[in-house]
Visitor: 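Provided herewith is a single structure, encoded as structure tokens, for subsequent inquiry.
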Amino acid sequence: MKIDLNNKVLLVTGASRGIGAAVAKMAGQSGGSVAVHANSNLASAKQLAKDIGNGSEAFEADLGNTHAVIRLYHGIIDTYGRIDVLINNAGIAIHSPLSQSEDEWINDWHQTLNVNLLAAGILCKLTIPNFKERGSGIIINISSRAAHRGDTPDYLAYAASKGGMESLTKSIARAYGKDNITAFGVAPGFTRTAMAKDFIDTYGEDYAVQDLALSELTEPQDVAQIVLFLASGLGKHATGTTIDVNAGSYVR
Ligand code: NAP
């Protein structure tokens, strides 16, 4: 079995760091051309695209802005003419306790849903016709353990956005399978990235590991390996499914 992404164009959102960067790197090692998307860390994305090679390029877009999402899609089509694999990975987790004012809390919900869910939905809406024309395509949506297990009351919007990602995945898989378009979710648990840093800094790594079945924290490459398998097309008949990568911290 070989993960072969030669002649494939992959869009990885949020690829400037963390899980997205690990996915982009591995995709490049498998021969893929990667559209390395970033928001604030464009310099890192540019360096990563250069390191990957294979015609990879960096693209900048604030996914909280719907116009920027649309521009991102068109920028990639102008560059490559197509997308073979869309990986909706970019995400934010905003601390929004119920004690916030209504305005603050609602703003956080809008921002979270825009970046985590609406941007992914727009990219699917724009990419699916392109997939249909070309006769195939793969979508991978990065969800979260929170979609299944729930999250703390301070992260209600985050959990809700990830639940949305999962139903988006299922709907696309069921609607477009006959067009040879497949869709998958990958639901990481606690993974060592900037998103998890505050928690580790506050409570310590031992505390984080206590919750796991395994004795070590999940690293970005542990998630990336699963994403790459799905991106390769080898998981075709699992379309519609979400794979948990949570070190056994929530087994469903
Ligand atoms: P991370 O290290 O914080 O990286 C987040 C990525 O998203 C960065 O590339 C960032 O771009 C991008 N991003 C943030 N805000 C954005 C915006 N407004 N517009 C466009 N891009 C934006 O996070 P991660 O841990 O790798 O997370 C990747 C995915 O895994 C997310 O969907 C997350 O919800 C999910 N996940 C993570 C964990 C975990 O424990 N780490 C657990 C479950 C699920 P810039 O750096 O360029 O700003």
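When a ligand or atom number is given, it counts from 1 through the structure's own listing order. What you see is a predicted model, and the numbers here were worked out from it, not measured in a lab.
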Visitor: I need the Ile243 CD1 to Ile226 CD1 distance, nearest 0.5 Å.
Guide: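 Going from CD1 on Ile243 over to CD1 on Ile226, the span is 5.5 Å.
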Visitor: For ligand 1, which atoms, with element, lie under 4.0 Å from some heavy atom of Phe190?
Guide: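 Matching atoms, with element in brackets: 40 (O).
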Visitor: Are any of the N/O atoms in Tyr158 less than 3.5 Å from those in ligand 1?
Guide: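 Yes, Tyr158 has an N/O under 3.5 Å of an N/O on ligand 1.
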Visitor: What part of Ala61 sits under 4.0 Å from ligand 1 if we count only heavy atoms: the side chain, the backbone, both or neither?
Guide: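 Looking at Ala61 and ligand 1, just backbone atoms fall under 4.0 Å.
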Visitor: Of the backbone atoms (N, CA, C, O) and the side-chain heavy atoms from C-beta on, which set of Ala15 has a member under 4.0 Å from an atom of ligand 1: side chain, backbone, both, or neither?
Guide: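 Just the backbone.
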Visitor: In terms of residue, atom name and distance, what is the protein heavy atom nearest to atom 16 (C) of ligand 1?
Guide: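 Protein heavy atom at minimum distance: Asn39 ND2, 3.7 Å.
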Visitor: Taking only heavy atoms of Ser143 into account, list the atoms of ligand 1 that are under 4.0 Å away from them.
Guide: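 Within the 4.0 Å cut-off of Ser143, ligand 1 contributes 35 (C), 44 (C).
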Visitor: Under a 4.0 Å heavy-atom limit, does Val115 contact ligand 1 with its side chain, its backbone, both, or neither?
Guide: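 The answer is the side chain.
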Visitor: Evaluating non-hydrogen atoms only, which member of Gly91, Gly18, Ala90 is closest to atom 5 (C) of ligand 1?
Guide: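 Ranked by closest heavy atom to atom 5 (C) of ligand 1, first place is Gly91.
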Visitor: Would you say ligand 1 has an N or O under 3.5 Å from any N or O of Gly14?
Guide: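 Yes, at least one N or O pair falls under 3.5 Å.
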Visitor: With nothing but distance in play, are any N or O atoms of Ile19 less than 3.5 Å from an N or O of ligand 1?
Guide: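 Yes, there is a polar N/O contact under 3.5 Å.
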Visitor: Decide yes or no on ring-ring contact (aromatic ring centres under 6.0 Å, His included) for His95 and Tyr155, but give the supporting numbers first.
Guide: CA-CA 6 Å; His95 181 255; Tyr155 291 92; 5.8 Å; yes
Visitor: Relative to atom 40 (O) of ligand 1, which among Asp151, Thr191, Val245 owns the nearest non-hydrogen atom?
Guide: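 Result: the heavy atom closest to atom 40 (O) of ligand 1 is in Thr191.
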Visitor: Could you name the option among Thr218, Asp62, Val69, Asn116 that has the heavy atom nearest to atom 18 (N) of ligand 1?
Guide: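 That would be Asp62.
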Visitor: Report yes or no: does His37 have a heavy atom closer than 4.0 Å to ligand 1?
Guide: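 Flag set, His37 near ligand 1.
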Visitor: With a 4.0 Å cut-off on heavy atoms, is Lys162 touching ligand 1?
Guide: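 The answer is yes: ligand 1 sits under 4.0 Å from a heavy atom of Lys162.
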Visitor: Given Leu42, Asn88, Asn65, Ile142, which one has a non-hydrogen atom that is nearest to atom 30 (O) of ligand 1?
Guide: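 Ranked by closest heavy atom to atom 30 (O) of ligand 1, first place is Ile142.
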Visitor: For ligand 1, note which part of Arg192 has a heavy atom under 4.0 Å away: side chain, backbone, both or neither.
Guide: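 The answer is neither; Arg192 stays 4.0 Å or more away.
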Visitor: Note the single closest protein heavy atom to atom 1 (P) of ligand 1, along with its residue, its atom name and the distance in Å.
Guide: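 Ranked first by proximity to atom 1 (P) of ligand 1 is Arg17 NH1, 3.4 Å.
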Visitor: Answer with yes or no whether Ala187 contacts ligand 1, where contact means a heavy atom under 4.0 Å from a ligand atom.
Guide: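 Per 4.0 Å heavy-atom rule, Ala187 does not contact ligand 1.
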Visitor: Evaluate Ile92 for polar contact with ligand 1, using N/O atom pairs at a separation under 3.5 Å.
Guide: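 Looking only at distances, the answer is no, because the N/O contact criterion of under 3.5 Å is not met.
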Visitor: For ligand 1, which part of Asn89 has a heavy atom less than 4.0 Å away: the side chain, the backbone, both, or neither?
Guide: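 Answer for Asn89: both.
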Visitor: Could you go through the salt bridge (Lys or Arg N to Asp or Glu O under 4.0 Å) check for Arg145 and Asp244 one step at a time?
Guide: CA-CA 7 Å; Arg145 179 182 65 185; Asp244 292 338; over 6 Å; no
Visitor: With rounding to the nearest 0.5 Å, note down the distance linking CZ in Arg82 to CG in Asn130.
Guide: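 Arg82 CZ to Asn130 CG: 9.5 Å, rounded to 0.5 Å.
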Visitor: Give the numbers and elements of all ligand 1 atoms closer than 4.0 Å to a heavy atom of Ala194.
Guide: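 It comes down to these atoms of ligand 1: 2 (O).
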Visitor: Relative to atom 24 (P) of ligand 1, which among Thr112, Val36, Thr193 owns the nearest non-hydrogen atom?
Guide: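 The option holding the nearest heavy atom is Thr193.
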Visitor: Mark the output for Arg145 as yes if a heavy-atom distance to ligand 1 is under 4.0 Å, and as no if none is.
Guide: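 Arg145: no contact with ligand 1 (<4.0 Å).
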